[in-house]
Amino acid sequence: MTDDVMRFFAAWMLTHEAADEGLKAAVLRGDEGGPEGMGGGPDAFVDGLAAMVAEEKEKLKRDLEARARGEEVSIETQPDPALEDLRFEVGELRGRLDNIESLLETLVRKSGS
Amino acid sequence: MASRRLTIVGTVARHLIGALPAAGFGLAPGTVRRTAFARAWRRSFEDLGPAFIKLGQLISVRPDEFSDELVAEMQSMQDAVPALPAAAIRAVIRSEFGREPEELWASFDDAPVASASIAQVHRATLAQPYKPVWGVELPAGTTLAIKVVRPGAAESIRADIAIARSLMERVARMRISRRFDPIALLDEFALTVDRELDLRMEGRFADRFTFDFRDDPKVVAPRTVWPTTTARVLAMEFMTGWRLSEIETAKAHGVDCYALAVHGATAFMRQVFVYGRYHADLHPANLFVTPDNTIAYLDFGIVGFLTDEERMNITQVMAALVYRDPDRALKYSAKLGVDVPADRVEVVRTALGGLLDGTYRPDGTRDFAHFGLGFLKLLGENDIKIPSGYGLLIKSLATVEGVARALYPEIDIVETAKPFTTRILGQAMGDPARLYERIPAAIRAAMREIVA
Ligand SMILES: Nc1ncnc2c1ncn2[C@@H]1O[C@H](COP(=O)(O)OP(=O)(O)O)[C@@H](O)[C@H]1O
């Protein structure tokens, strides 16, 4: 009985390890780049993606550690993009009004003289 | 009109005849002959003024339509013309606003900053504080650049377009171009010119650019001062710095060329892959660098726009280049309108694979221009029509590469595209609808792999 459980966990661990190694190899290939690094083709994109995910993972780790130390994390301080877009649209509208207003002034000036 | 036509024909004839000896009277080998005639065309265009200079600029961004020799000649075309006297520029301003420059701005400098075929630029100072579309208020006394369309430029260009049409047909007959559609090109030309003649478009795009790069203090564009702007007068912030064409001076002042090259290339990738709108008229006179390593973009006269769908497909094609995957390149080029006939697919695929593997320079960096222009040529050789925006984008990327490499010879601009393409495609993959559609097949594939 104990044997079976042992084998089950051993298989589980082995799968886990193989998957981890596979992923690490992909990250490594993706990092390498260049003519000697990764070979071309559809798999290369997967490797490149894996390398970026690994970078993201490191960043996440750093953010979590920073948060544990009670520091502010960059993601939370970023302004809401939708609100920024709106502010820009309003700014642009103001620009157009400024422009039309000056056009109107020119017309008045020209018809007056 | 009739006499203008004579002038045009006469000018072209004079230059072509002048080129005959260099072309071995038509008997010299292909490239020698084509180069001689291309130079004659370029000189004629320079002599004939704004419409032809613009036309030449358009030809220079269409390597898919014209011979290499002609494209190269048109790229080297000079757009420096003698400055107009200030009185003529003041007259334009007066007719646009009904006021003197001094009533619009605190001061106006009669000496021009620069003079090109369509517009002339003068310096002025802002009279009252102005809050631009985006960013901090400009205080009174801020130095401005006033770009003024030359009097008569619009009219003479429109008149010349009509005549250019018949001339272009002659170009087609002289076989300087491959598979050439003069009407389509002239329509495109008329549209570009119309847009460029209305400076408000340029101002709007510069403001949008400022907004797009709001989180990056190292990439700037002049913001527009709208109350003193019209279709023919553009008032904007004055940018100080060195033109990229004066890079040696900039280097002497301690500008960090490597940082600039990487940052400049990255900023361009961001325009294309993230925003789908990009400055399509980059050349070393339109880029300034400052001592604190800021890049200023000028002259948004020609702008490339991509729909969201085009943007995604372009990203895929770029990813194909980054990851050397000819199937991906073909699949998404097809979605962009590159229609490879079934019986050519294998040939094109093999050649494309060779191109992708052959883009490495001896130092291990990749040569985008080699791939981009090679791809266009490959399609041309196989009689495959190239969608018009494609040529412009490839030319722009090749220019960015040239500029970046002038700054820092070892830069690999394909590498700067890698994070953008990978992230954007990664994001698109995470779309729940797509996941829902693809996950079952992915699981099945994994199981198949395990039980195999
Ligand atoms: N905002 C600005 N600040 C400083 N110089 C400028 C500005 N805008 C234009 N210039 C100068 O004028 C030149 C020509 O302007 P540009 O907009 O490129 O005109 P064109 O479209 O006719 O080529 C530029 O190369 C630059 O030297």
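The contact between A/Glu92 and chain B is made by backbone and side chain atoms together, counting heavy-atom distances below 4.5 Å. Using a 4.5 Å cut-off between heavy atoms, B/Pro419 contacts chain A through both its backbone and its side chain. For B/Arg423, the parts lying near chain A are the backbone and the side chain together; criterion is any non-hydrogen pair under 4.5 Å. For A/Glu55, no part lies near chain B; criterion is any non-hydrogen pair under 4.5 Å.
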Donor-acceptor pairs under 3.5 Å, side chain of residues 15-26 of chain A to any protein atom, not counting sequence neighbours: which ones?
from    : atom 1 : to      : atom 2 : distance (Å)
A/Thr15 : OG1    : A/Ala11 : O      : 2.6
A/Asp20 : OD2    : A/Lys24 : NZ     : 3.0

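Contact count versus chain A (heavy atoms, under 4.5 Å) is highest, among B/Lys131, B/Arg99, B/Arg200, for B/Arg99.
Figure legend: cation-pi geometry between B/Arg214 and B/Phe211, with NZ or CZ positioned under 6.0 Å from the six-membered ring centre and within 45° of its axis. By the 6.0 Å and 45° rule, B/Arg270 does not stack over the aromatic ring of B/Phe420.
By the 4.5 Å heavy-atom criterion applied to side chains, B/Val414 and B/Tyr360 are not counted as neighbours.
The aromatic rings of B/Phe371 and B/Phe375 lie parallel to each other, with less than 30° between the two planes, well short of the 60° mark.
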